[in-house]
2 protein chains.
Amino acid sequence: MAMVRQTRQRAAVIEVLQASREHPDASAIHAAVRERLPSVSLGTVYRTLDALVRDGVVVTLERAGQATRYDWREGTAHHHAVCRTCGQIFDVDAAALPGVPSANLPGGFRVTDIHLEFMGVCGDCQASTNQTP
Amino acid sequence: MAMVRQTRQRAAVIEVLQASREHPDASAIHAAVRERLPSVSLGTVYRTLDALVRDGVVVTLERAGQATRYDWREGTAHHHAVCRTCGQIFDVDAAALPGVPSANLPGGFRVTDIHLEFMGVCGDCQASTNQTP
DNA sequence: CTACTTGCAAAGATTTTGCACCTCA
DNA sequence: TGAGGTGCAAAATCTTTGCAAGTAG
């Protein structure tokens with residue numbers, strides 16, 4: 001079934017994801033991968049990311065109009081805090097949160113993953129509370 | 001400041017959102033609005049939705065590759081359960097969830113909104129567990 | 001009357017795909 | 001080998017924008 005063949009390209013994409021704590025988008029990943037394997041195409045990056053997401057080792061952070069950002073799940077579960085002003089994404093340790101129960105879900109719904117995002121304004125952006133010019 | 005002028009078009013978009021429990025995307029909203037005001041353009045729908053989101057009366061549900069879906073916040077806070085198989089989106093009453101604390105957030109981060117999504121497989125899709133043909 | 005809105009259509013951006021060649025297992 | 005992966009480039013989507021004309025207040 002989900003047999004995934006090991007290739008140079010995939011190894012590179014995975015390395016980039018593991019090395020980066022910046023929640024990069026496909027384009028940034030592509031650029032980073034190209035530093036080692038200049039011939040890798042953007043299409044391949046998308047296909048690889050897709051496979052990783054299906055495998056559950058990578059999660060996505062999607063914002064309309066902006067490119068999807070990808071996040072390597074390094075063992076520890078974590079969620080995200082997204083600044084609406086500067087767009088920066090911070091990690092939030094899930095351990096500090098009480099387990100979110102699957103209460104009140106529609107009948108028979110089986111949860112495989114929980115996406116929790118705190119939308120708001122980060123400290124830096126609050127500091128510079130100049131109304132947008 | 002955020003003075004929003006009342007227009008036929010905006011009223012129609014809001015009515016459609018309030019009437020729909022389907023989490024429609026911009027295109028579906030556009031179609032529904034056109035049943036009353038045939039001349040409304042898709043651009044206007046997007047601009048109106050944008051304003052409503054900024055106002056905080058509408059929240060978005062974003063999935064890469066697919067159109068953003070819009071959700072009227074009818075008083076009660078609620079979250080979502082998204083079926084990975086059929087794409088259907090169910091509401092989850094937030095009242096049943098314990099308050100998600102803002103613990104462990106980056107310094108000074110002020111939360112304005114919480115997006116919580118349960119990803120998984122709905123009962124119907126589990127029932128028909130035929131491997132995808 | 002005046003500033004804000006709208007329609008239209010074109011531009012932008014992101015993501016997906018078909019096809020011929022290449023490669024891992 | 002042979003099933004699956006890759007590159008390239010074009011296509012499909014979704015969303016944003018500029019501009020002239022319309023309209024709410």
Side-chain angles (χ1 to χ4, degrees), chain A residues 1-17 22-55 57-71 84 87 89 132, chain B residues 1-17 22-55 58-71 84 87 89 131-132:
Chain A
M1 29 200 76
M3 188 45 207
V4 179
R5 181 181 295 183
Q6 178 68 0
T7 64
R8 242 187 282 307
Q9 292 84 342
R10 280 187 188 158
V13 168
I14 291 174
E15 270 185 49
V16 167
L17 280 168
E22 322 281 29
H23 311 282
D25 59 23
S27 186
I29 294 168
H30 183 215
V33 165
R34 282 205 158 192
E35 287 177 12
R36 311 178 192 201
L37 281 77
S39 70
V40 174
S41 74
L42 186 56
T44 293
V45 170
Y46 271 110
R47 277 184 285 223
T48 300
L49 290 170
D50 233 52
L52 295 173
V53 169
R54 265 198 300 279
D55 261 9
V57 289
V58 163
V59 291
T60 59
L61 258 156
E62 293 153 31
R63 302 249 282 137
Q66 292 170 60
T68 298
R69 301 173 72 162
Y70 297 84
D71 191 9
R84 284 190 194 279
I89 298 173
T132 29
Chain B
M1 30 198 80
M3 188 46 206
V4 179
R5 183 182 292 180
Q6 178 68 0
T7 65
R8 240 187 283 311
Q9 291 84 342
R10 281 184 188 160
V13 168
I14 291 173
E15 272 185 47
V16 167
L17 279 168
E22 322 280 30
H23 312 280
D25 60 23
S27 184
I29 295 168
H30 183 216
V33 166
R34 283 205 156 189
E35 288 177 11
R36 311 179 190 197
L37 280 79
S39 69
V40 173
S41 73
L42 185 56
T44 294
V45 171
Y46 271 110
R47 277 183 286 224
T48 302
L49 289 171
D50 233 51
L52 294 173
V53 170
R54 264 198 301 280
D55 262 8
V58 162
V59 291
T60 59
L61 257 156
E62 294 153 31
R63 301 249 282 138
Q66 292 170 61
T68 298
R69 301 173 73 160
Y70 297 85
D71 190 9
R84 285 190 194 277
I89 298 172
Q131 52 275 51
T132 28

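Each chain gets a letter, A, B and so on, in the order its sequence line appears, and its residues count up from 1.
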### Query
So what does A:Arg47 touch, heavy atoms closer than 4.0 Å: a base, only the sugar-phosphate, or nothing?
base

#### Entry: Note, A:Val57 side chain near A:Ile14 side chain (heavy atom, < 4.5 Å)
no

### Query
DNA chain D: A:Arg8 or B:Asp25, which has the more 5' nearest nucleotide?
A:Arg8

### Query
Nearest-Å distance, NE2 (A:His30) to P (D:dG7)?
8 Å

### Message
If we ignore hydrogens and angles and just use 3.5 Å, is the side chain of A:Arg34 paired with the main-chain N or O of A:Val40 as donor and acceptor?
### Response
yes

### Message
What is the distance, to the nearest angstrom, from the CD atom on A:Gln6 to the C1' atom on D:dG5?
### Response
12 Å

### Message
Using a 4.0 Å cut-off on heavy atoms, which residues in residues 34-46 of chain B reach DNA chain C? List them by number, or say none.
### Response
B:Ser39, B:Val40, B:Ser41, B:Thr44

### Task
Enter the distance from A:Leu42:CG to A:Arg47:CZ here, rounded to the nearest 0.5 Å.
10.0 Å

### Message
Taking the minimum atom-to-atom distance to the side chain of B:Thr7, which one of C:dT6, C:dC4, D:dT6 wins?
### Response
C:dT6

### Value in whole Å for how far the P atom of C:dT14 lies from OH of A:Tyr70
12 Å

### Task
Evaluate the criterion salt bridge (charged side-chain N to carboxylate O under 4.0 Å, His left out) for residue pair A:Glu22 and A:Arg69; output intermediate values, then yes/no.
CA-CA 9 Å; A:Glu22 322 281 29; A:Arg69 301 173 72 162; over 6 Å; no

### Query
How long is the line joining CD of A:Gln66 and P of C:dT14, in whole Å?
9 Å

### Query
How many angstroms lie between atom CD1 of A:Ile29 and atom OH of A:Tyr70, to the nearest 0.5 angstrom?
7.0 Å

### Message
Any side-chain N or O of A:Gln9 below 4.0 angstrom from OP1/OP2 of D:dG7?
### Response
yes

### Query
Can you tell me if B:Arg10 uses its side chain to pair, donor with acceptor, with the backbone of B:Thr48 under 3.5 Å?
no

### Message
Below the 4.0 Å mark, does D:dA24 have OP1 or OP2 next to a side-chain nitrogen or oxygen of B:Arg10?
### Response
no

## Note on the structure
note: B:Leu49, atom CG; D:dT17, atom P; distance rounded to Å ~ 15 Å

### Query
Do the non-hydrogen side-chain atoms of A:Leu49 and A:Thr60 ever get within less than 4.5 Å of each other?
no

### Query
So what does B:Thr68 touch, heavy atoms closer than 4.0 Å: a base, only the sugar-phosphate, or nothing?
sugar-phosphate

#### Entry: Euclidean distance, atom CG of residue A:Asp50 to atom C1' of D:dT6 [Å, nearest integer]
15 Å

